[in-house]
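Remember, predicted model here, so these are calculated numbers, not experimental data. When a ligand or atom number is given, it counts from 1 through the structure's own listing order.
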Amino acid sequence: MAKLQVAIDLLTTKEALALAAKVAPYVDIIELGTPLIKNMGSAVITAMKNAHPDKLVFADLKTADAGELEADVAFTAGADLVTVMGAAGDATIIGAVKAAKAHGKGVVVDTIGYPDRVRRAQEVSKLGVEFVELHAGLDEQWTDGYSIQVLIDEAARVGVPVSVAGGVNISNVVAVVEAGAKVIVAGAAIYGAEDPAAAAKELREAIDAV
Ligand SMILES: O=C([C@H](O)CO)[C@H](O)[C@H](O)COP(=O)(O)O
């Protein structure tokens, strides 16, 4: 069954903990967004893991260099999963995987901005990563003509374990699951909703019904 990951793109630990408390019953993975980690530092990772020891805490570091060092910082703080950029060199990904193995944790490669996400996903999946994120970031989503259909099509043909992130919501989540994504990432559809718990519950139920 596909997992649901809430992406928390809020800016303070207080807001992030408040949101996580509302949606935790419906999600498997709690993602601390890159802007949140940049604003609050690794302390937000520790605070979230302490509050939700039963959830996977995903630190969206988007590491581009010093893979082992950055991953080690996040794992030591309590992260279960960290991201490394697909655009980074293989050595950076391999370094992060080394840190993950030392901590018994995992690495996710984020393909944001990469011209051929499918090819890079297939390449890096041989490096010991947990899964690859087929990702259209917020800026790409706000570009004229963007459609999540491109990620859905990629997920259907990639042939390696992937998550999909880039505007997942209740109207497209079933298509994302049916395309074969193992992890469904939803940010604005949850934290931007009037009732985040209800939005997360609705996504969870839609995923489980596929
Ligand atoms: O990773 C993300 C982005 O780079 C900002 O940190 C988002 O969390 C990811 O795109 C999911 O968010 P939504 O697209 O709003 O669902």
Side-chain angles (χ1 to χ4, degrees), residues 2-13 15-16 19-20 22-23 26-42 44-45 48 55-64 70 74 79-88 107-114 117 120-121 129-152 154-155 162-177 179 181-204 206-207:
K3 288 185 162 65
L4 177 58
Q5 172 172 329
V6 60
I8 305 183
D9 283 316
L10 303 173
L11 287 179
T12 67
T13 301
E15 291 172 295
L19 180 76
K22 288 179 191 160
V23 306
Y26 312 109
V27 306
D28 305 289
I29 304 174
I30 298 174
E31 174 188 335
L32 307 173
T34 317
L36 174 64
I37 293 175
K38 285 188 174 174
N39 199 36
M40 303 307 295
S42 62
V44 68
I45 301 172
M48 191 60 75
K55 301 293 173 187
L56 292 173
V57 170
F58 180 113
D60 191 14
L61 301 180
K62 292 192 177 77
T63 291
E70 288 201 6
D80 298 293
L81 294 165
V82 302
T83 54
V84 179
M85 299 304 295
V107 171
V108 176
V109 170
D110 186 341
T111 57
I112 193 169
Y114 202 84
R117 287 182 284 247
R120 190 61 177 145
V129 307
E130 290 294 306
F131 57 90
V132 181
E133 183 172 339
L134 296 177
H135 189 188
L138 300 179
D139 294 336
E140 184 176 346
Q141 290 178 49
W142 296 334
T143 302
D144 280 350
Y146 171 73
S147 165
I148 194 174
Q149 190 59 45
V150 68
L151 299 177
I152 292 168
E154 289 171 2
V162 293
S163 64
V164 166
V168 170
N169 59 40
I170 196 62
S171 67
N172 56 41
V173 67
V174 168
V176 176
V177 179
K182 303 294 177 211
V183 177
I184 313 300
V185 184
I190 295 177
Y191 67 74
E194 202 170 311
D195 183 343
K201 182 169 186 279
E202 201 178 9
L203 286 167
R204 166 94 274 155
I207 291 167

**Study point:** Residue Ala7 vicinity, atoms of ligand 1 by number, heavy atom under 4.0 Å
**Key:** 8 (O), 11 (C)
Review point. Taking atom CD1 of Ile184 and atom CZ of Arg204, what is their separation to the nearest 0.5 Å?
Key: 9.5 Å
Check your understanding: In the protein, what heavy atom is nearest to atom 4 (O) of ligand 1, and what distance, to one decimal place, separates them?
Key -> Lys62 NZ, 2.8 Å
Review point. For ligand 1, is there an N or O atom under 3.5 Å from any N or O atom of Glu133?
Key: no
Check your understanding: Ignoring hydrogens and geometry, is there a side-chain-to-backbone donor-acceptor pair from Thr143 to Tyr146 under 3.5 Å?
Key -> no
Practice item. Kindly give the heavy-atom pair with the smallest separation between Asn172 and Ile148, and that separation in Å. Key: ND2-CG2, 3.6 Å
Practice item. List every atom of ligand 1 that sits less than 4.0 Å from any heavy atom of Glu31, numbering the atoms from 1 in the order shown and giving each element. Key: 1 (O), 8 (O)
Review point. Starting from atom 14 (O) of ligand 1, which protein heavy atom do you reach first, and at what distance in Å?
Key: Gln141 NE2, 2.6 Å
Check your understanding: For the residue pair Leu81 and Val108, what are the closest heavy atoms and their distance?
Key -> CD2-CG2, 4.2 Å
Exercise for review: Using a strict cut-off of 4.0 Å, indicate which atoms of ligand 1 neighbour a heavy atom of Asp60.
Suggested key: 1 (O)
Review point. At the 4.0 Å heavy-atom cut-off, does Gly166 count as touching ligand 1?
Key: yes
Check your understanding: Which atoms of ligand 1 sit under 4.0 Å from any heavy atom of Ala186?
Key -> 16 (O)
Exercise for review: Just need the protein heavy atom nearest to atom 6 (O) of ligand 1, so name the residue and atom and give the distance.
Suggested key: Asp9 OD1, 2.9 Å
Practice item. State the atoms of ligand 1, each with its element, that fall below the 4.0 Å cut-off from a heavy-atom position in Pro35. Key: 6 (O)
Review point. Hey, is ligand 1 close enough to Ala188 that some N/O pair sits below 3.5 Å?
Key: yes
Check your understanding: Salt bridge check: are Lys3 and Glu130 linked by an N-O gap of less than 4.0 Å?
Key -> no
Review point. Where do Leu151 and Gly166 come nearest, in terms of heavy atoms and distance?
Key: CD1-CA, 4.1 Å
Review point. In the protein, what heavy atom is nearest to atom 9 (C) of ligand 1, and what distance, to one decimal place, separates them?
Key: His135 NE2, 3.4 Å
Review point. Between Asp110 and ligand 1, which residue portion shows a heavy-atom distance shorter than 4.0 Å: side chain, backbone, both, or neither?
Key: neither
Check your understanding: Which heavy atom in Ile45 sits nearest to a heavy atom in Ala79, and how many Å separate them?
Key -> CG2-N, 3.4 Å
Check your understanding: Any idea which protein heavy atom is nearest atom 16 (O) of ligand 1, and the distance to it?
Key -> Gly187 N, 2.8 Å
Review point. For ligand 1, is there an N or O atom under 3.5 Å from any N or O atom of Val185?
Key: no
**Study point:** His135: which of Thr83, Asp110, Asp60, Thr111 passes side chain to side chain donor-acceptor pair (under 3.5 Å)
**Key:** Asp110
Point to revise | Minimum heavy-atom distance Val82-Ala74, with the two atoms named | key: CG1-CB, 3.6 Å
Review point. Any idea which heavy atoms bring Asp80 and Lys55 closest together, and the distance?
Key: OD2-O, 3.5 Å
